[in-house]
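Inspection log for the structure reproduced underneath, given as structure tokens.
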Amino acid sequence: MNDAVLTSQEQDFPRWYQEVIAKAELADNGPVRGTMVIRPYGYAIWERIQAELDSRIKAAGVPNAYFPLFIPESYLHRESEHVEGFSPELAVVTHGGGKQLEEPVVVRPTSETIINAYFAKWIQSHRDLPLLVNQWANVVRWELRPRLFLRTTEFLWQEGHTAHATQDEARDFALSILHDVYEDLMVEMMAVPVFTGRKTPRERFPGADESWTCEGMMRDGKALQMGTSHELGQRFAAMFGTTFQSETGELEHPWQTSWGVSTRLIGAVIMAHGDDRGLRIPPRLAPVQVVVLAARAGEGVSEAASAIASELETAGVRVALDDRMDVSYGRRVTGWELKGVPLRVELGPRDLAASSAMVVSRFDGAREQVAFTGLAASVASLLETMQRRMLDEARERRDATVDEAASVEELLAAAKEVQGARLARQVGSQAGQDDSEVTARGSTARFARVPYGALRQAGEAELAAVGLSVRCLTAEDGGLPVGLAEGDCIALVAKAY
RNA sequence: CGGGGAGUAGCGCAGCGGUAGCGCACCUGCUUUGGGAGCAGGAGGUCGCGGGUUCAAAUCCCGCCUCCCCGACCA
């Protein structure tokens with residue numbers, strides 16, 4: 001009866017992650033290693049992300065288009081860093097129509113090259129700029145160590161590609177996507193606070209001059225790269241011969257950007273908010289915001305539940321009705337909790353007699369008796385409050401686990417302490433000890449801020465040896481280090497997914 | 001690719017020479033239903049693949065394949 005539904009996060013976070021994905025019916029492994037079947041409930045979450053992202057992207061002036069899945073292998077080779085970066089994870093098709101192909105085609109790992117081949121045709125004059133396109137697509141990167149949603153061989157994403165007349169305009173565009181589209185979506189809709197910053201050369205997109213990133217922190221203290229926006233400079237334009245005639249009549253290469261977020265965001269929501277009972281999906285993101293649950297059979301209960309569901313739906317709430325009386329109350333409650341539905345409106349004979357319903361929050365389990373009159377208004381306000389509290393909670397948790405470090409040595413020592421604490425905790429719990437004290441200090445991974453001047457590339461390699469990486473560079477005050485020399489930046493260091 | 005494990009029912013596992021098992025899930029029926037219900041009955045297997053040893057192999061031997069975990073690369 002009191003058996004836990006899931007392995008607890010504290011006991012084994014990766015296992016909790018796998019279990020919650022299976023039990024909330026989000027996804028399954030595909031038959032080919034690294035592939036993923038996204039089940040209806042998981043796909044519904046993706047559709048919510050898509051809908052919100054798509055409208056923000058369109059608001060930024062970028063229309064959708066579609067480019068082919070297959071790319072001539074030779075295209076990849078035109079930009080040396082690009083091909084170097086992607087070669088190890090390419091899927092290459094050598095046969096078609098029963099015959100060996102004269103030139104192999106690669107399954108797109110990203111579309112910079114093929115899109116540039118067409119930008120080169122479409123761009124002639126400064127009047128053709130800026131040229132802005134976005135595409136929703138699947139891409140393939142052969143992964144050695146796949147994890148559902150976080151790193152799969154095939155994944156779904158959105159990739160935007162733009163060409164501009166000047167470097168400044170390209171940079172401004174890349175940064176506005178980072179803030180007004182990505183950060184806004186992650187913070188306002190997904191309730192996941194993110195650090196924004198610049199990637200170090202080591203972590204940069206292959207072929208980019210500059211990569212900008214949104215980094216979230218998961219409940220186990222690890223970082224997750226949630227979205228990136230790149231300044232590609234003129235390198236692809238040069239390789240594909242993309243030129244435009246400027247106002248003064250000169251032939252110039254355009255300055256380009258590309259940017260993308262993927263189904264990885266679903267993993268972010270799972271790991272940033274989920275708890276030992278399952279998912280907790282922020283109301284604005286949730287495909288189902290409220291489930292109206294007939295708690296116990298009785299005269300008119302199903303009818304009343306159905307009426308309430310309709311009323312909420314009319315009020316603009318995404319609602320599900322659960323009046324399955326052949327499944328026990330407890331099982332149904334557990335199921336909706338696993339799926340992370342923000343609010344449960346429960347209705348039984350007792351409630352019906354009192355003309356009220358029991359409203360239960362998935363955020364903190366709080367229950368509240370709410371009269372039928374004004375139920376829709378209460379629900380709407382509870383949802384908005386929950387959205388804000390989820391963001392606050394995530395931000396507090398994150399900020400409580402960001403440390404300052406002065407040197408690489410200090411970082412390495414801290415990393416070892418964390419590993420040691422984790423080990424001690426494992427040994428302690430095996431010995432049946434009360435591990436709360438050990439757990440309280442340093443048992444989770446954490447972020448650290450360290451001056452990049454004290455770190456540099458040599459230091460980054462040292463950190464990599466203990467599983468740490470520089471997630472991004474920020475200015476001293478946490479802002480974007482636009483135009484700042486790397487040595488004057490603060491490096492945000494963490495273990496990452 | 002380097003190091004460590006594991007392949008037995010949908011999932012998780014036990015069995016380690018002698019008729020293929022357990023828990024959960026599934027099907028049928030009855031009783032239940034305000035926090036994963038109970039009882040009874042039932043369905044489900046090429047024990048990863050190939051060879052060998054043996055009267056007899058899930059079990060022992062040889063070869064192969066696959067998967068998982070830890071490292072190097074990644075949205």
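Note that the structure is predicted; figures quoted are calculated from it, not measured. By convention in this document, chain letters (A, B, ...) are assigned in the order of the sequence lines, proteins followed by strands, and residues within each chain are numbered from 1.
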Check your understanding: Rounded to whole angstrom units, what separation is found between the NZ atom of A:Lys495 and the C1' atom of B:C70?
Key -> 11 Å

Exercise for review: Give A:Val139 one of three labels, base, sugar-phosphate or nothing, depending on what nucleic acid heavy atoms sit under 4.0 Å from its own.
Suggested key: nothing

Check your understanding: Rounded to the nearest 0.5 Å, how far apart are CE of A:Met36 and CG of A:Leu26?
Key -> 10.0 Å

Point to revise | Sugar-phosphate, base or nothing in reach of A:Arg350, heavy atoms under 4.0 Å | key: base

Exercise for review: Have a look at A:Asp326 and say if it touches a base, only the backbone sugar-phosphate, or nothing, with a 4.0 Å heavy-atom cut-off.
Suggested key: nothing

Practice item. Take A:Gln225 and A:Lys199 through the test side-chain contact (heavy atoms from CB on, under 4.5 Å) and record every step on the way to the result. Key: CA-CA 11 Å; A:Gln225 179 173 309; A:Lys199 284 295 187 186; 2.9 Å; yes

Practice item. Give a yes or no on whether a salt bridge exists between A:Glu81 and A:Arg235, defined as a side-chain N under 4.0 angstrom from a carboxylate O. Key: yes

Review point. Which part of the nucleic acid, if any, lies within contact of A:Leu265, taking any heavy atom under 4.0 Å across all strands shown: a base, the sugar-phosphate backbone alone, or nothing?
Key: nothing

Check your understanding: How about A:Glu299: does its CD atom have over 12 heavy atoms from other parts shown lying under 6.0 Å from it?
Key -> no

Exercise for review: Could you tell me whether A:Trp136 atom CH2 has more than 12 heavy atoms of other residues or ligands within 6.0 Å of it?
Suggested key: yes

Point to revise | B:C60 to B:G15 separation - P atoms, rounded to the nearest Å | key: 12 Å

Exercise for review: Mind checking A:Ala22 for me? I need base, sugar-phosphate or nothing, with any heavy atom below 4.0 Å counting as a touch.
Suggested key: nothing

**Study point:** 5'-most by nearest nucleotide on RNA chain B - A:Tyr497 or A:Leu352
**Key:** A:Leu352

**Study point:** Span that lies between the P atom of B:C64 and that of B:U46, in whole angstrom
**Key:** 26 Å

Revision key, fill the gap. Going 5' to 3' through nucleotides 38-44 of chain B and flagging B where a protein heavy-atom sits under 4.0 Å of the base, S where only the sugar-phosphate is that close, and - otherwise, we get -------

Check your understanding: When the C1' atoms of B:G44 and B:A20 are considered, how many whole Å apart are they?
Key -> 13 Å

Review point. Between the base of B:C74 and the side chain of A:Arg141, is there any donor-acceptor pair under 3.5 Å?
Key: no

Practice item. Could you tell me whether the phosphate oxygens of B:C74, OP1 or OP2, come under 4.0 Å of any side-chain nitrogen or oxygen in A:Arg147? Key: no

Exercise for review: Answer yes or no for this row: A:Trp157 ring on B:A75 base, centroids under 5.5 Å, planes under 30°.
Suggested key: no

Point to revise | Euclidean distance for P, B:G50 against B:C65 (whole angstrom) | key: 15 Å

Practice item. Before accepting this row, confirm whether a basic side-chain N of the pair A:Asp322/A:Arg324 lies closer than 4.0 Å to the acidic partner's carboxylate O. Key: yes

Practice item. With the side chain of A:Val5 defined as its heavy atoms from C-beta on, choose the nearest nucleotide among B:G36, B:C74, B:A75. Key: B:G36

Practice item. Go through the N and O atoms of the side chain of A:Arg367 and the base of B:G35, and report whether any donor-acceptor pair is under 3.5 Å. Key: yes

Review point. Do the two ring centres, one from A:His161 and one from A:Phe119, sit under 6.0 Å apart?
Key: no

Check your understanding: Under 4.0 Å between a side-chain N/O of A:Arg296 and OP1 or OP2 of B:G35, yes or no?
Key -> no

Point to revise | Candidates B:A75, B:C73, B:G34 - which lies nearest the side chain of A:Glu346 | key: B:G34

Practice item. Look at the side chain of A:Ser328 and the base of B:A37, then say whether one donor and one acceptor between them are separated by less than 3.5 Å. Key: no

Check your understanding: Atom CE of A:Met358 and atom C1' of B:G35: how far apart are they, to the nearest Å?
Key -> 13 Å

Review point. Looking at A:Gln256, A:Arg78, A:Met239, A:Glu79, which hits side-chain contact (heavy atoms from CB on, under 4.5 Å) with A:Asn116?
Key: A:Gln256

Exercise for review: Measure the distance from CD on A:Gln225 to P on B:A75 and round it to the nearest whole Å.
Suggested key: 5 Å

Check your understanding: Below 4.0 angstrom, N of the basic side chain to O of the carboxylate: do A:Arg204 and A:Glu210 qualify?
Key -> yes

Practice item. Just call it for A:Thr152: base, sugar-phosphate, or nothing, with non-hydrogen atoms closer than 4.0 Å on any strand. Key: base

**Study point:** Under-4.0 Å salt bridge between A:Asp351 and A:Arg296
**Key:** no

**Study point:** Span that lies between the P atom of B:U19 and that of B:U28, in whole angstrom
**Key:** 34 Å

Review point. How long is the line joining CH2 of A:Trp142 and C1' of B:C1, in whole Å?
Key: 18 Å

Check your understanding: Counting side-chain heavy atoms from CB outward, which of B:C73, B:A72, B:G36 is closest to A:Arg331?
Key -> B:G36

Point to revise | Whole-angstrom distance between B:C13 and B:U8, as gauged at atom P | key: 10 Å

**Study point:** Integer angstrom distance from the P of B:C26 to that of B:C70
**Key:** 32 Å

Point to revise | Length of the CD1-P vector between A:Ile21 and B:C11, whole Å | key: 17 Å

Check your understanding: Rounding to a whole Å, what distance do you find between A:Arg39:CZ and B:G10:C1'?
Key -> 12 Å

Exercise for review: Look at A:Arg145 and B:G71 and indicate whether a side-chain polar atom (N or O) is within less than 4.0 Å of OP1 or OP2.
Suggested key: yes

Revision key, fill the gap. Between A:Ile45 and the options A:Ile281, A:Val269, A:Ile38, the side-chain contact (heavy atoms from CB on, under 4.5 Å) test singles out A:Ile281

Point to revise | Same-atom distance (P) from B:G21 to B:A58, integer angstrom | key: 13 Å

Practice item. Give a yes or no answer on whether the side chain of A:Thr152 reaches the backbone of A:Leu148 with a donor-acceptor pair at less than 3.5 Å. Key: no

Check your understanding: Which is true for A:Gly260 with a 4.0 Å heavy-atom rule: it touches a base, it touches only sugar-phosphate, or it touches nothing?
Key -> nothing

Review point. How long is the line joining CG of A:Asp322 and P of B:G35, in whole Å?
Key: 15 Å

Check your understanding: Expressed in angstrom and rounded to an integer, what is the separation of A:Arg277 atom CZ from B:G35 atom C1'?
Key -> 8 Å

Review point. Can you give the dot-bracket line for RNA chain B, where a pair is Watson-Crick or G-U wobble with both atom distances under 3.5 Å, crossing pairs use [ ], and | marks a partner on another strand?
Key: (((((((..((((....[..)))).((((((.....)))))).....(((((..]....))))))))))))....

